[in-house]
Amino acid sequence: MSSTEIQEERYLDIINQFAVGLLNQSTIKETLWSVIDNVVSKLDFYDCAIYLLDENKENLIQVASQAYKNKERRDSSAAVIKMGTGIVGKTAVDKKARITNDTSLSDDYITDDQWRFSEITIPIIHENELIGIIDSEHPDKDFFQPIHLNILTTIASMVAIKVVQARHLENLEAREKSFNLIYSSTNDLIFLMEVEPENTYRCVSVNRAYLELTGKNKHEVIGKTVEDIWDTKRAKIILAHYLQAIETKKPVAYQIEFGSGESSLTVETKITPVFDFKGRCTHLSGISRDITAAKQARDELKKEREKYQTLFSKANDAIFILKDDVIIECNDITTKVFGREKEDLIGRRPHELSPEYQPDGQRSDRDVPIGSFEWLHTKGDGSLFTVDVALTELSFGNGQYVQAIMRDITERIEAEEILRNSERRYRTIFENSLDGIYKSTPEGKFVEVSPALVSMLGYDSEEELLAINIKDDLYFKHEDRFKHTNQYRLKKKDGTEIWVEDHGFYQYDEEGNKIFHQGILRDVTTKNEKQKELQDLLNVTSDQNKRLQNFANIVSHNIRSHSANLTSLVSFMEITTDEKEKEKMFQMLKNSTSQLEETIMNLNEIITVNQNFNKPIEKRNLLKEVEKTLQVLNLEILESSVTVKTNIPTDLTVHIIPAYLDSILLNLIGNAVKYRNQTRKSIIKISAKALKRGEIRVRIADNGLGINMEAHGDKIFGMYKTFHDNEDARGFGLYITKNQIEAMRGRIEVASELGKGTTFTIYFDENY
């Protein structure tokens, strides 16, 4: 065997070893260190370093370096080289590999720790875009040879594909993670059914909204069939639509009712069949409210992602060696990639393994420039597949060769298309959702906000909302940000209050630190206001019903009593012949009609109180109102030698119906004077205080006769109830007082002890 053939065989062996070594690497870091270790050990290099171009394409950053053969690795962040500076920087600019045999003759050479006389630099290129540089130096002049250039150029092509592939995977993972976060927090009902033999459908996935809407827990749904989840009637309807979707191979929309009776809810659901590559329906994806199929997109993305990950982890690179555009050698993996025996590949031209035309419309037998590109090939069975191709020119002795490194990217292209579709679906949800979608940092800055959130919070643009400080501009108090539950209040741009319902969650990094908060906000201000209005109306209605029932009972009892009495008197007058007896009956009849008139007037007064719920409310100074009442009762107070003490803040005001307050004060203070204890000096204490819960408390206490609460406690505010032998007592004042107080949404309490005195406590509602 000639020296050239030996050299070529050694070259192919090294290349194959590098290719096999790179197969097991999954990250950029692992790939680069694998190259560094193998270059130094297999090529007997003095050192080796790899630089990657930064995002701004201005500097080359050293990311992997080994200083000497069989020595420890060097700090990977030690060197930064500006584009165009030094031999490495020049190589990065013109993208041409070069060997410098004597650096002392080069003005571009830059010394690091010591002078070395030989240097080789190889650009790492993908689709004509610079990724980085492989660089090695040696203390001897003329150390690096063309074979080193060929080997490193081949390695650079492999590294380019690996780096691009790793970056692409990182991007895919980030996008999938973002999509999964939105899916889990959306308010849309989403579910996935697995199709089993004999038309059996088993639930394999539901989101939070599904469980909330149906009122079920996961144990009642996951792993269960349609018949397990729903009753016979509903299951029959659902199964009919499932079968229709599979037979027509088209999405089917239908309506289903959740719950029963007053709590029932009808939801429109859209079912979409999912088929595998054999045309067999494997799943049914469902989404409610007739909006973007986020759940279906997530499930499809997850499935395709798993396929892609499996294929990628087992993927192998095919390598051709070409001489005059004829395949003269290939590695064993190539036979698997192309589905052909090695004998069917050697001696053929690449275009003979391709369709007549490429997807761009150009012929496959055209001249192809050196570099990286995509190419459509044909397998042994006639099927087509797409590969990433990296072509590199090689020199062996007097011969010129071309190396082609190929990777099957058919599955990757399909996965990218699914990801693009998923991204479009996600953006549709984000841009068109009626609820506000957001993503923010723990420090209090928005990272992403939807148009609906901008409008909800009253800002003019997305940029304006992104610029705010959440703690200062969105919350009324800093501590509110970490105290809220599912519903809480926020501050709009104009400072007004808005109540929102939040469905959010934290996103954590690998160390468990919070990096983002992401979720969906729904404006529930109007909803809450309507619920409060409804509750207030129910309270008023209930109170009115009670009053109406009480009034009906009074009318029924009192009028019936007077009517019976009058009827009896008239009957007696008709049958008696004694004039004196008739005169006596007549007087009794007059008394009865007077009592009936008084009863009717009392009932009319009750009606008047109950009809004045909407009477104008005024704000009055309480102390002045009490003093005015005391002036009215001044003569009675003086004649009775009663001492009145007041303890009321001068600025305390109440919201009341003035006529009612006058009546209430006259009745309660007048009773305190009327029912004083004749055996001791009488004292009446009137005090008032504003309470924290929005009420004004007024107390009128006396040391008078008092009331036996055990005997009369439940009758104090009853109609025509008296508790002392007072000829003027009608038993009607406290009944009217209680009605007047309650008509103003207040309440009255009484505490009394026979022989010691009575205290009436009134509570006025300041929100009335």
Quick one: does Thr643's side chain have a donor or acceptor within less than 3.5 Å of a partner on Ile683's backbone?
-> no

Is a donor on one side and an acceptor on the other found under 3.5 Å between the side chain of Glu464 and the backbone of Asp460?
-> yes

Which heavy atom in Asn677 sits nearest to a heavy atom in Gly755, and how many Å separate them?
-> ND2-O, 4.0 Å

Does Lys492 offer a backbone N or O that forms a donor-acceptor pair with the side chain of Thr496 under 3.5 Å?
-> no

Considering all heavy atoms, the nearest Ile229-Lys216 contact | O-NZ, 3.4 Å

Residues Leu453 and Leu521: closest non-hydrogen pair is CD1-CD1, 3.8 Å

Rounded to the nearest 0.5 Å, the CG atom of Asp702 sits from the CD1 atom of Ile669 at a distance of 11.0 Å

Lys530, NZ: over 12 other non-hydrogen atoms inside 6.0 angstrom | no

Contact check, side chains of Met456 and Leu490, non-hydrogen atoms, under 4.5 Å = no

Given side chains that start at C-beta, do those of Asp502 and His517 come closer than 4.5 Å, heavy atoms only?
-> yes

Nearest-0.5 Å distance, CG of residue Leu457 to NZ of residue Lys493 = 11.5 Å

Worked verdict on Arg620 versus Glu618 for salt bridge (Lys or Arg N to Asp or Glu O under 4.0 Å) = CA-CA 6 Å; Arg620 293 292 181 92; Glu618 295 184 18; 2.8 Å; yes

Run the numbers on Lys527 and Arg522 for side-chain contact (heavy atoms from CB on, under 4.5 Å), then give the verdict.
-> CA-CA 11 Å; Lys527 172 186 172 183; Arg522 174 168 291 176; over 6 Å; no

Can we say Arg697 and Glu749 salt-bridge, meaning some charged N sits less than 4.0 Å from an Asp/Glu carboxylate O?
-> no

4.5 Å side-chain heavy-atom contact, Leu652 and Leu623 | no

Mark yes when over 12 heavy atoms from residues, nucleotides or ligands other than Lys445 sit less than 6.0 Å from its NZ; otherwise mark no.
-> yes

Could you give me the CA-CA distance, side-chain angles and deciding distance for Phe191 and Asn207, then say whether side-chain contact (heavy atoms from CB on, under 4.5 Å) is met?
-> CA-CA 7 Å; Phe191 61 92; Asn207 67 349; over 6 Å; no

So Asp765 and Tyr763, side-chain contact (heavy atoms from CB on, under 4.5 Å) or not? Walk me through it.
-> CA-CA 7 Å; Asp765 187 354; Tyr763 296 91; over 6 Å; no

Mind checking salt bridge (charged side-chain N to carboxylate O under 4.0 Å, His left out) for Glu497 and listing every partner two or more places apart, or none if nothing turns up?
-> Arg489

Closest heavy-atom pair and its distance - Thr759, Ala701 | OG1-CB, 3.3 Å

dist Thr441:OG1 -> Phe516:CZ (nearest 0.5 Å) comes out at 7.5 Å

Out of curiosity, Ser641 OG to Gln678 CD, how far, rounded to the nearest 0.5 Å?
-> 10.0 Å

Between CD1 of Ile648 and CG of Leu622, what distance do you get to the nearest 0.5 Å?
-> 4.5 Å

Has the side chain of Ser752 got a donor or acceptor atom that lies under 3.5 Å from a matching backbone atom of Gly757?
-> yes

Looking only at non-hydrogen atoms, find the nearest pair between Ile707 and Thr758 and report the distance.
-> N-OG1, 4.1 Å

Got Asn513 and Tyr508 here, is their nearest side-chain heavy-atom distance under 4.5 Å?
-> no

Quick one: sort the Tyr438 and Phe446 rings into parallel, tilted or perpendicular, breaks at 30° and 60°.
-> perpendicular

Output the distance between atom CD (Glu443) and atom CG (Asn469), rounded to the nearest 0.5 Å.
-> 10.5 Å

May I ask you to decide if Ser682's main-chain N or O and Asn703's side chain share a donor-acceptor pair within less than 3.5 Å?
-> no

Would you say the side chain of Asn671 lies within less than 4.5 Å of the side chain of Phe760, judging by non-hydrogen atoms?
-> no

Less than 4.5 Å apart, any side-chain heavy atom of Arg745 and any of His655?
-> no

Heavy-atom side-chain contact between Lys218 and Leu211 under 4.5 Å | yes

Could you tell me whether Glu220 and Lys224 make a salt bridge, using a distance below 4.0 angstrom between a side-chain N and a carboxylate O?
-> no

Output all residues satisfying salt bridge (charged side-chain N to carboxylate O under 4.0 Å, His left out) with Lys628, sequence neighbours left out; order by chain, then residue number.
-> Glu625, Asp662

Specify the closest pair of heavy atoms between Pro442 and Ile515, including all atoms of both residues, with the distance to one decimal.
-> CD-O, 3.3 Å

State, yes or no, whether a side-chain contact exists between Val698 and Ile664 at a heavy-atom distance under 4.5 Å.
-> no

